[in-house]
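Since the structure is predicted, the reported quantities are computational estimates derived from the model, not experimental observations. Every chain is numbered from 1, with letters handed out A, B, ... down the list of sequences.
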Number of protein chains: 2
Amino acid sequence: MTTIYKVAERAGVSLSTVSRVLNGRKTVNEALRLKVEQAMKELDYRPNSLARSLASNRSDSIGVVVSELSTPFFGEMLQSIETTLRECNKHVIITVGHNDLAQEKEAVEFLISRNCDALILQVGALDDAYIQELNQNRLPVSLVNRCVEGLEEACFTLDNETGGYLCTKHLLEQGHTEIAYISGPSDKTDAMQRFKGHKRALEEAGITFSEALYYEGSYQEEDGEAGLIHLLESNKHFTALVCGNDWMASGAIRCARARGIQVPQALSVVGFDNIVVARHVFPTLTTINHPIADMGKMAAKYVINKVYSGENMIQNLFAPSLVIRDSCSSQR
Amino acid sequence: MTTIYKVAERAGVSLSTVSRVLNGRKTVNEALRLKVEQAMKELDYRPNSLARSLASNRSDSIGVVVSELSTPFFGEMLQSIETTLRECNKHVIITVGHNDLAQEKEAVEFLISRNCDALILQVGALDDAYIQELNQNRLPVSLVNRCVEGLEEACFTLDNETGGYLCTKHLLEQGHTEIAYISGPSDKTDAMQRFKGHKRALEEAGITFSEALYYEGSYQEEDGEAGLIHLLESNKHFTALVCGNDWMASGAIRCARARGIQVPQALSVVGFDNIVVARHVFPTLTTINHPIADMGKMAAKYVINKVYSGENMIQNLFAPSLVIRDSCSSQR
DNA sequence: TTAAAATGAGAAAGCGCTTTCTTAAAAATT
DNA sequence: AATTTTTAAGAAAGCGCTTTCTCATTTTAA
């Protein structure tokens with residue numbers, strides 16, 4: 001293995017000088033710098049990143065905790081995080097938290113033990129206090145799809161309220177007035193914000209929100225089916241359905257078809273997130289685009305600024321946008 | 001920061017002894033071991049993994065190159081790799097190769113520079129010679145979904161030929177005799193093996209393969225559409241279609257619907273891989289299950305055996321299985 | 001009982017770098 | 001021309017561990 005010593009020897013300089021060249025310090029004579037670079041090339045020298053890290057107390061690695069690796073939604077996020085960080089020669093250690101408290105904690109501990117310089121968290125179970133503590137006493141933290149008090153600058157979130165508003169607004173514009181809503185779990189901020197946007201749109205149109213047209217699920221596909229059945233049984237008529245995410249929308253559409261309810265002719269459905277599957281359900285799903293890749297990239301840039309003194313522009317709040325496909329029809 | 005010195009001091013032993021306890025060497029007196037463990041607990045000692053790696057010349061990290069992170073298929077694989085390795089306290093550094101030669105090489109170089117102990121590769125562009133060289137001169141390599149000569153033990157593949165056979169066999173059993181085939185690219189071994197299985201099934205049934213019922217795509221969704229159009233234009237009648245993967249099957253089904261061809265009544269379609277989307281296309285897709293998560297896990301176990309002297313049972317070839325859904329109908 | 005073998009633990013030398021401290025030489029100031 | 005300031009490069013001390021070497025002590029064999 002070629003070490004810095006051998007390079008120094010070959011170039012006829014001290015290893016300090018080689019180190020300086022390596023780290024781009026400019027307090028080194030141009031002639032020597034060239035000699036050193038030449039020697040490095042000749043010996044095919046590759047610095048040992050472990051030794052560097054040990055000596056400089058910096059690992060150039062960023063830990064990521066993601067709830068699931070097997071869904072494309074977070075895959076997109078990871079991909080942009082990885083790309084952004086590797087451009088800066090940092091690397092990403094990925095762990096999976098499964099939205100489970102114990103697993104998330106273990107993942108974080110693991111990443112700390114791996115000497116990560118910072119953490120990017122997409123977690124649901126860890127409480128705010130833990131995260132604040134972590135950021136304060138251990139290492140810089142960045143959060144995707146979650147807002148933690150006191151860490152606003154490190155949080156990258158979608159404007160869910162506006163997203164929810166856009167869903168319902170779209171249906172209203174199509175002439176729908178009886179609009180049901182299947183929500184995500186009420187203990188999730190994003191689910192509640194989406195719902196809030198829905199109500200704002202209704203209000204704006206002068207429509208009173210009816211509890212009978214509301215169902216709370218937990219973001220799973222089955223909740224879409226269960227929700228639709230529940231809503232149908234309430235016997236309150238509706239011509240459109242907003243779902244808290246695409247999975248539930250997919251479940252609802254499947255359930256509607258099974259019951260002979262034509263989508264979109266008899267029922268318009270809107271989802272949320274624009275996951276890959278939204279393009280493949282039948283009919284293809286009108287939904288809200290969630291720019292998760294951009295958000296991941298931004299979280300990565302934030303970390304670069306914070307830990308490696310980068311100077312990227314940072315944006316914390318992301319705008320949702322309506323993607324119109326085939327699952328809605330006009331009611332006029 | 002608590003170091004091994006402080007632990008040694010507190011326990012009243014030398015740092016060698018602490019190191020021995022840390023590494024589970026049994027040449028240490030039980031009483032001392034307890035004292036050391038006590039001291040570690042009291043000081044909340046966490047070994048510095050960088051220092052360990054530098055001294056032991058082992059990073060406990062495995063590099064993974066995957067073609068895409070944003071598709072759930074490889075996400076499943078990564079998830080099982082990560083889980084398996086973290087159970088052994090190893091960590092995973094993930095990079096993306098995009099099936100592009102330059103990017104794949106860069107990813108490998110990057111992982112080497114990160115002192116990975118081994119590599120798990122899911123790559124399409126790197127040539128066999130490069131991989132052999134890598135494995136021989138640099139660090140142990142394991143391959144998923146690819147077979148490299150001389151590295152058979154490190155390769156984890158699906159029995160694609162049998163998979164292709166199963167597709168067509170299923171259609172034949174349903175009474176179909178005119179079966180079209182949309183293949184993946186002919187320079188990919190897996191695509192050709194799947195196709196080979198198809199032909200074997202035909203042959204076994206005494207049916208002559210017809211070039212007119214064959215189209216070569218490149219595994220993309222659009223190829224399913226283009227392929228179906230091509231096949232329809234050939235004016236050779238067929239009642240069933242086998243696609244080289246689920247994406248192309250999805251494209252073909254969509255195209256069929258757009259042209260008023262009822263699936264499965266007028267056309268039965270079979271896919272391959274059983275990706276998540278296969279459950280969401282309409283009608284839901286009959287396909288071949290590709291146990292990619294199991295394969296990833298096995299690759300991880302292989303690495304554990306190879307580098308960390310584990311003793312897992314290893315299986316290199318994986319069996320495909322038919323998943324029957326709604327996209328095929330009987331022709332009788 | 002004595003010599004030989006086995007066991008357990010400490011001392012010390014790295015692992016390959018970064019970084020601080022020092023000093024020699026060159027440039028600028030008077 | 002003498003002094004001060006600046007610049008450039010080397011020496012050396014770590015970073016926090018592992019591991020080899022060594023030696024004192026205990027166990028076993030003769």
Nearest-0.5 Å distance, CD1 of residue A/Ile304 to OG of residue A/Ser142: 11.0 Å
Mind checking B/Arg25 for me? I need base, sugar-phosphate or nothing, with any heavy atom below 4.0 Å counting as a touch. sugar-phosphate
Euclidean distance, B/Leu121 CG relative to B/Arg146 CZ, rounded to 0.5 Å: 8.5 Å
Under a criterion of less than 4.0 angstrom to any heavy atom of chain A, what are the 5'-terminal and 3'-terminal contacting nucleotides of DNA chain D? D/dA8 to D/dG16
Under 4.0 angstrom, heavy atoms only, what part of the nucleic acid is A/Asn23 near: base, sugar-phosphate, or nothing? sugar-phosphate
A/Leu15 or A/Lys26, whichever maps to the more 5' nucleotide of DNA chain D: A/Lys26
Quick one: label B/Thr17 by what it contacts on the DNA or RNA (base, sugar-phosphate, nothing), any heavy atom closer than 4.0 Å. sugar-phosphate
Could you check whether A/Glu149 and A/Gln132, counting side-chain N and O atoms only, form a donor-acceptor pair closer than 3.5 Å? no
Centroid-to-centroid, A/His290 to A/Phe73, below 6.0 Å? yes
For A/Asp100, enumerate each residue passing the salt bridge (Lys or Arg N to Asp or Glu O under 4.0 Å) test, keeping only those at least two apart in sequence or located in another chain. none
Can you tell me if A/Gln38 and A/Glu42 form a side-chain donor-acceptor pair at under 3.5 Å? yes
Those residues of residues 3-11 of chain A lying under 4.0 Å from DNA chain C by at least one heavy atom: A/Thr3, A/Ile4, A/Tyr5
To the nearest 0.5 Å, tell me how far A/Glu106 CD sits from A/Phe110 CZ. 9.0 Å
Counting heavy atoms not belonging to A/Lys90, are there more than 12 under 6.0 Å from its NZ? yes
Do B/Asn305 and B/Asn312 get their side chains close enough for a donor-acceptor pair, meaning under 3.5 Å? yes
Residue-level proximity of residues 27-54 of chain A to DNA chain D when a heavy atom falls under 4.0 Å: A/Thr27, A/Val28, A/Asn29, A/Leu32, A/Leu54
If we ignore hydrogens and angles and just use 3.5 Å, is the side chain of B/Gln122 paired with the main-chain N or O of B/Asn145 as donor and acceptor? no
Heavy-atom closest pair, residues A/Leu43 and A/Arg10: CD2-NH1, 3.6 Å
A/Val64 backbone acceptor or donor facing A/Thr95 side chain under 3.5 Å: yes
Under the salt bridge (Lys or Arg N to Asp or Glu O under 4.0 Å) test, residues paired with B/Glu109 that sit two or more places apart: A/Arg46
Strand-adjacent residues in residues 106-118 of chain B, judged by heavy atoms under 4.0 Å from DNA chain D: none
